[in-house]
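One structure is given here, and the rest of the page talks about it.
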There are 2 protein chains.
Amino acid sequence: MNQLDESLLSAIPPFRRLDRAQIREILDLATPARFDERQAIFEEGAEASRFYLLLDGVIRVIRTTPGGDQIIVLHIAAGQLFGIAPALGHDTYPATATAAGECLVLGWPVRLWPTFVEKYQGFATETYKVVGERIDEMNNRIVELATQAVEQRVACALLRMLNQTGKKVDNGIEITFPITRANISEMTGTTLHTVSRLLSAWEKQGILESARRHIVVTDPHRLVQLSTSAA
Amino acid sequence: MNQLDESLLSAIPPFRRLDRAQIREILDLATPARFDERQAIFEEGAEASRFYLLLDGVIRVIRTTPGGDQIIVLHIAAGQLFGIAPALGHDTYPATATAAGECLVLGWPVRLWPTFVEKYQGFATETYKVVGERIDEMNNRIVELATQAVEQRVACALLRMLNQTGKKVDNGIEITFPITRANISEMTGTTLHTVSRLLSAWEKQGILESARRHIVVTDPHRLVQLSTSAA
DNA sequence: CGCCGTCTTGACTCGCCTCAACCTCGGTGG
DNA sequence: CCACCGAGGTTGAGGCGAGTCAAGACGGCG
């Protein structure tokens, strides 16, 4: 087993209040793993055997309807815990987690969860703060889906990704992981055709630039306008 | 202060594992309150000063968009904790809670939250289980809003209310609190006109009976069919 | 009795989905 | 090196679901 460096965890909220020795303990219990794009970390409905920390990359959380269409529930950015079903009294995963791009994760067996909560100061509190943020995000999406038109929803989806994983580049802000029109349609409850039309239009207006599976937003401010006003 | 009976709490999950003396302690710290229909228990954005247990009635959780339209995030049935912002690292309430019908609640100051979690065996675990269930429900609604047509969404909304607070009556299952067409439209992201048309049609087909602000579903099975299939 | 909140119903409109055809890129194998 | 192929993307035409506009009925409450 290759030795993991303590600095990996020391800046991450759930572990921030821990000392070096504690972090060492935790790291020694972890199993690191690499996942390629599109690889699943765990599947919806499977027994929740491990919980994870995303060290690098982006995780795409997906649910599949009985009817067969997929929808993207949320994206998870580096530094966040995921697959924390045990924290919420679940014994199976409620959704599928796949690597949106190449990912580096640490995993622990669920049986360690109670120990972590009990033993490590602030772990529970910080974790539930993250849960709270996810709930907020879900709430916002519900409101969005219920009240806004497709154009605004797509704008919101882009902005959300920019905020969570956007990286500044010379001509704007870039979405750091591969993303297709179809993906965006699965996030917004629309079709890839409509998304394609919208992005084409926005590209003509100079709001963004896109190559295949790759988007750079050059005028985020404009996108914010689009996301809020119906005009 | 009128003395509250211990049996109020002994059957409710977060308190189930506690003994009589502990429940007594908790009750003595609680402030009981009654709310009339449409009265707000707390408002979105307000400082989260208390958390609550719903003893009787139904709570309607509402969010208001910048654009001014309201959407109903979820309903809370008797026996559930709500306003548990502190558990999720919030210091303001993320939504408004109003009484869907007459309600009886117990309230505690948030500063007691950490004490409850620490002192009472199983309180935290059971509470987070409830949080997990709410997350599931929200997830389902997201999928629903993103993939299903209006008719199916309305059917789902009705079924959800039946499951949570439905009461058997001689000719079917009744929704136990006052509910308008407009309310249903706020739950499903549609208009009261469309809801009205759907309910009229269903009433003609013998699936339900409705008076003003009052619905009895006479053929739940049929409603399940409608909620799943596009036909 | 008159008002207001609730509900109904019709007619029209339009946003977005569906259907369909085609293009472009990037990888793979002969 | 090129031919092929599949995934990803674009764009047009047409239709329908559901929103909007409009008018009114019903019932309860002050």
Side-chain angles (χ1 to χ4, degrees), chain A residues 36-38 60 65 67-72 98 100-101 144-155 157-158 175 177-205 208-216 226 229-231, chain B residues 36-38 65 67-71 98 100-101 144-155 157-158 175 177-205 208-216 226 229-231:
Chain A
D36 285 325
E37 192 184 333
R38 276 168 234 253
R60 185 168 287 149
T65 68
D69 23 31
Q70 299 192 335
I71 88 123
I72 297 176
T98 64
E144 220 176 279
L145 283 165
T147 64
Q148 301 194 315
V150 166
E151 183 176 38
Q152 293 156 59
R153 299 209 300 268
V154 173
L158 287 179
I175 293 175
F177 55 94
I179 183 139
T180 67
R181 311 291 188 256
N183 287 331
I184 297 177
S185 75
E186 285 161 7
M187 301 176 62
T188 52
T190 180
T191 62
L192 78 159
H193 307 278
T194 301
V195 173
S196 177
R197 282 183 239 272
L198 283 172
L199 294 194
S200 294
W202 291 345
E203 187 147 17
K204 280 199 188 86
Q205 294 171 48
L208 53 80
E209 291 167 15
S210 77
R212 59 164 37 201
R213 321 210 304 143
H214 191 83
I215 296 176
V216 177
L226 284 170
S229 80
Chain B
D36 284 326
E37 192 185 333
R38 277 167 233 254
T65 68
D69 23 30
Q70 299 193 333
I71 88 124
T98 64
E144 221 176 277
L145 283 165
T147 64
Q148 301 194 314
V150 167
E151 183 176 37
Q152 293 156 60
R153 299 210 299 270
V154 173
L158 287 178
I175 293 174
F177 54 95
I179 183 140
T180 67
R181 311 290 188 255
N183 287 330
I184 297 177
S185 75
E186 285 162 6
M187 301 177 61
T188 52
T190 180
T191 61
L192 79 160
H193 307 278
T194 302
V195 173
S196 178
R197 282 185 240 272
L198 283 172
L199 294 193
S200 293
W202 291 345
E203 188 147 17
K204 280 198 189 87
Q205 293 170 50
L208 52 81
E209 290 167 16
S210 78
R212 60 165 33 201
R213 323 211 304 142
H214 190 82
I215 296 175
V216 176
L226 284 170
S229 80

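Chain identifiers are assigned alphabetically (A, B, ...) following the order of the sequence lines, protein sequences preceding nucleic acid strands; residue numbering begins at 1 within each chain.
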inquiry  = Can a donor-acceptor pair be found, under 3.5 Å and without considering hydrogens, that links the side chain of Q70(B) to the backbone of E186(B)?
reply    = no
E37(B) atom CD is separated from dT6(C) atom P, nearest whole Å, by 9 Å
R212(A) CZ to dG27(C) P, in whole Å, measures 9 Å
From CZ of R38(B) across to P of dG5(C) the rounded distance in Å is 9 Å
5'-most contact on DNA chain D (nearest-nucleotide basis), T191(B) vs H214(A), goes to H214(A)
Checklist entry - Hey, is the side chain of T194(B) poking within less than 4.0 Å of OP1 or OP2 on dG19(D), counting only N and O atoms? => result yes
In whole angstroms, the gap separating P of dG9(D) from CG of L199(A) amounts to 9 Å
Among dT6(C), dC21(D), dG8(D), the one nearest any side-chain atom of T180(A) is dG8(D)
From CD of Q148(B) across to C1' of dC17(C) the rounded distance in Å is 16 Å
Within the 3.5 Å criterion, strictly below it, is a donor on S200(A) or R181(A) matched to an acceptor on the partner's side chain?
no
Inset, instruction - Test for a donor-acceptor pair under 3.5 Å between the base of dG15(C) and the side chain of R197(A), counting only N and O atoms. - result: no
Q) Mind checking whether V150(A) and T188(A) have side chains closer than 4.5 Å, heavy atoms only? A) no
(message) Any base atoms under 4.0 Å from T190(B), or only sugar-phosphate, or nothing? Heavy atoms, all strands.
(response) sugar-phosphate
To the nearest angstrom, the CG-P distance between L192(B) and dA18(D) comes to 16 Å
Checklist entry - Less than 4.0 Å between a side-chain N and a carboxylate O, is that true for E37(A) and R213(A)? => result yes
To the nearest angstrom, the CG-P distance between L198(A) and dC17(C) comes to 9 Å
E151(B) CD to dG19(D) P, in whole Å, measures 13 Å
Using a cut-off of strictly less than 4.0 Å, decide whether S196(A) has a side-chain nitrogen or oxygen near OP1 or OP2 of dT10(D). yes
Exercise. Classify the side chain of H193(A) versus the base of dT18(C) as yes if they form a donor-acceptor pair under 3.5 Å and no if they do not.
Key: no
Q | Side chains of W202(A) and L158(A) in contact at under 4.5 Å (non-hydrogen atoms) | A | yes
